[in-house]
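Quick caveat, the model's predicted, so the values are computed rather than measured.
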Amino acid sequence: MLRPRNIDHQAEIRSRVHLHEHFALTSSSAILDPSRHDRFVQDARKLIASVSPQQCAGWQRFVKCAEKCTEMFLPSREVDFAAFIQSVTFCIIITGFYGVDPGTLSPVDVAFMTSALNHHSDGISRQTPRYPGELYAMRERVCRWVGGERASQALETILPAYESMWRLAAVTLAYANGNQHMHNAFLDFSENPTQKQFRSFKVKNTRPSVEAIINEVLRLHPPIQCIARKSRHPLWKRLFYPAQEIADVGAVHRSCVYGTRLETFDAMRFHPQHERPVEMQLLAFGYGGLSCVAEEWAPMATALIVAKIMDRVDDVGFVLIGKAFDARMYRNTRTGWDGWVVRKKEKGKDS
């Protein structure tokens with residue numbers, strides 16, 4: 001099913017741009033035009049390249065944004081964990097990509113944007129209608145931050161980046177909570193946020209790298225749950241087959257090509273010398289010509305968000321409190337965070 005397909009076909013383009021149609025960012029006829037789609041992909045890649053680790057100055061700016069945005073949303077007493085991660089992630093995306101000064105972002109405006117994005121993400125999954133008033137208010141804020149000329153492009157970029165990255169960061173923090181080896185790996189990466197550090201296995205290759213930890217989270221909780229391709233059958237067979245073929249990414253990631261103990265979190269399965277090393281690339285960001293344009297950048301960028309949060313929520317000044325994370329909650333990581341909080345520790349008192 002994953003063999004190369006004709007990516008100029010409108011049905012296949014539609015499979016990756018439903019966000020744009022839901023938010024009415026561009027007309028259906030425009031976004032389904034292959035040349036318009038190609039320009040969107042090119043613009044997105046250019047934006048990502050400007051803050052990639054290969055672009056030293058841009059990456060260092062992104063690192064500074066991650067530090068400032070994390071500091072902005074630390075609570076005076078206590079804050080809901082999901083709300084905290086969502087605010088930090090949104091703030092980092094818009095300041096890192098568009099050079100917005102974090103100090104100019106009102107926490108109230110950021111909270112409105114994350115709430116609206118969450119609402120529309122739920123609406124997309126349930127195929128419920130959008131609310132024009134809320135969309136107008138979102139656009140007004142983005143225009144104020146990045147300028148009117150870049151507002152539509154900014155929304156097109158923010159939507160998928162935010163939706164994937166906040167959930168990946170939240171789940172990673174949940175797995176790492178209370179695990180000293182994972183905690184140390186991310187602290188090392190926070191201090192030295194380079195690709196080499198990102199990929200370095202720890203304690204003489206007996207403990208996972210940050211990249212391996214992120215990969216294992218992506219294996220168990222892929223942001224893209226399904227990959228769809230237009231069916232290619234002769235005309236006489238089309239009555240007997242569906243119009244689309246769909247691959248269940250979550251099910252594939254739990255198949256034997258990814259090793260053993262498939263329901264268990266084991267980041268060391270990504271070590272090349274593991275007894276059953278992973279034999280197949282992850283499909284967490286799709287596959288082929290229609291895969292996510294940020295598939296190479298997003299894991300390391302999200303790891304940076306996690307690292308900077310861990311550096312501050314360090315069980316000294318602030319503590320993360322929550323129940324043990326259930327790996328079976330892989331279908332919808334937007335929910336299930338009840339009872340999870342980030343709390344400021346009082347001097348002389350335990351959490």
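- Rounding to the nearest 0.5 Å gives a distance of 8.5 Å between CG of D43 and CG of L47.
- When every heavy atom of L173 is checked against every heavy atom of L320, the shortest pair comes out as O-CD2, 4.1 Å.
- Residues E71 and K68 are not paired through a salt bridge, judged by the lack of any N-O separation under 4.0 Å between the basic side chain and the carboxylate.
- No side-chain heavy atom of E211 sits less than 4.5 Å from a side-chain heavy atom of F270.
- The shortest side-chain heavy-atom distance between R77 and R343 does not fall under the 4.5 Å cut-off.
- For the salt bridge (charged side-chain N to carboxylate O under 4.0 Å, His left out) test, residues two or more places apart in sequence or in another chain that qualify with E163 are R167, R334.
- A donor-acceptor pair under 3.5 Å links the side-chain atoms of N118 to the main chain of T114, judged by distance alone.
- By the 4.5 Å heavy-atom criterion applied to side chains, V79 and V341 are not counted as neighbours.
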- Working for side chain to side chain contact (heavy atoms under 4.5 Å, CB included), residues N184 and R207: CA-CA 10 Å; N184 290 342; R207 300 296 176 183; over 6 Å; no
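- When atom types are taken as modelled, the side chain of S87 and the backbone of A83 share a donor-acceptor pair closer than 3.5 angstrom.
- Going from atom CG of L282 over to atom CD1 of I224 covers 12.0 Å, rounded to the nearest 0.5 Å.
- Using a distance-only test at 3.5 Å, with no hydrogens or angles considered, a donor-acceptor pair links the side chain of W59 to the main chain of P193.
- R269 places a side-chain N or O within 3.5 Å of a backbone atom of R261 that can act as its donor or acceptor partner.
- The aromatic rings of W340 and F81 sit tilted, their planes meeting at an angle between 30° and 60°.
- For W166 and F84, the ring centers are positioned 6.0 Å apart or more.
- When atom types are taken as modelled, the side chain of N215 and the backbone of L218 share no donor-acceptor pair closer than 3.5 angstrom.
- At least one side-chain heavy atom of V41 sits less than 4.5 Å from a side-chain heavy atom of R45.
- Looking only at distances, no side-chain donor or acceptor of S115 sits under 3.5 Å from a matching main-chain atom of F112.
- Under the 4.5 Å side-chain criterion, counting only non-hydrogen atoms from C-beta, V313 is not in contact with T70.
- A side-chain donor-acceptor contact under 3.5 Å links W337 to the backbone of T333.
- The shortest side-chain heavy-atom distance between C69 and T95 falls under the 4.5 Å cut-off.
- Of the listed residues (R312, Q197, K308, E67), just one forms a side chain to side chain donor-acceptor pair (under 3.5 Å) with S190, and that residue is K308.
- Put simply, M268 and M182 are part of two different groups of oily side chains (I, L, V, M, F, W, Y) that touch within less than 4.5 Å, one to the next.
- For the atom pair CD (Q195) and OG (S52), the distance works out to 8.0 Å, reported to the nearest 0.5 Å.
- Between A267 and P208, the shortest heavy-atom distance links the atoms CB-CB, 3.5 Å.
- Checked by atom type and distance alone, the side chain of T264 never pairs as donor or acceptor with a backbone atom of D266 at under 3.5 Å.
- Considering every non-hydrogen atom in both L155 and M138, the closest pair reads CD2-CE, 4.3 Å.
- Closest non-hydrogen pair, A154 versus V142, comes out as CB-CG1, 3.8 Å.
- In this pair, Y258 and H253 present their aromatic rings perpendicular. The plane angle is above 60°, beyond the 30 to 60° band.
- Cation-pi geometry between R150 and Y98 is not met at under 6.0 angstrom from the ring centre and within 45 degrees of the axis.
- Of all heavy-atom pairs between L105 and C91, the closest is CD1-SG, 3.6 Å.
- From S106, atom OG reaches atom CE of M72 across 8.0 Å, with rounding to the nearest 0.5 Å.
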- Test side chain to side chain contact (heavy atoms under 4.5 Å, CB included) applied to D188 and N192, step by step: CA-CA 6 Å; D188 288 345; N192 181 31; over 6 Å; no
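- Judged as a ring-ring contact (aromatic ring centres under 6.0 Å, His included), and not counting sequence neighbours, the contacts of F201 are H271.
- To the nearest 0.5 angstrom, T302 atom OG1 is 4.5 Å from L168 atom CG.
- For T89 (side chain) and Q86 (main-chain N/O), no donor-acceptor pair under 3.5 Å exists by modelled atom type.
- Remark: K344 does not engage E78 in a salt bridge, criterion side-chain N to carboxylate O under 4.0 Å.
- Inter-residue side-chain proximity for V342 and F73 is flagged as unmet; no heavy-atom pair is nearer than 4.5 Å.
- For F186 against V210, the heavy-atom pair with the smallest separation is CE2-CG1, 3.5 Å.
- Checked against a 6.0 Å centroid threshold, the rings of F265 and Y175 count as neighbours.
- Side-chain contact between M300 and P53 is present, with at least one heavy-atom pair separated by less than 4.5 Å.
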- List the steps and the verdict of side chain to side chain contact (heavy atoms under 4.5 Å, CB included) for F189 and T194. CA-CA 7 Å; F189 182 59; T194 63; 5.9 Å; no
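- The neighbour count for Q54 CD, taken as heavy atoms of other residues, nucleotides or ligands under 6.0 Å away, is above 12.
- Rounding to the nearest 0.5 Å gives a distance of 14.5 Å between OG of S164 and NE2 of H221.
- Applying the salt bridge (charged side-chain N to carboxylate O under 4.0 Å, His left out) criterion to E140, with sequence neighbours excluded, gives R144.
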- Under the side chain to side chain contact (heavy atoms under 4.5 Å, CB included) criterion, do T157 and I93 qualify, and how do the steps go? CA-CA 9 Å; T157 305; I93 290 170; 5.6 Å; no
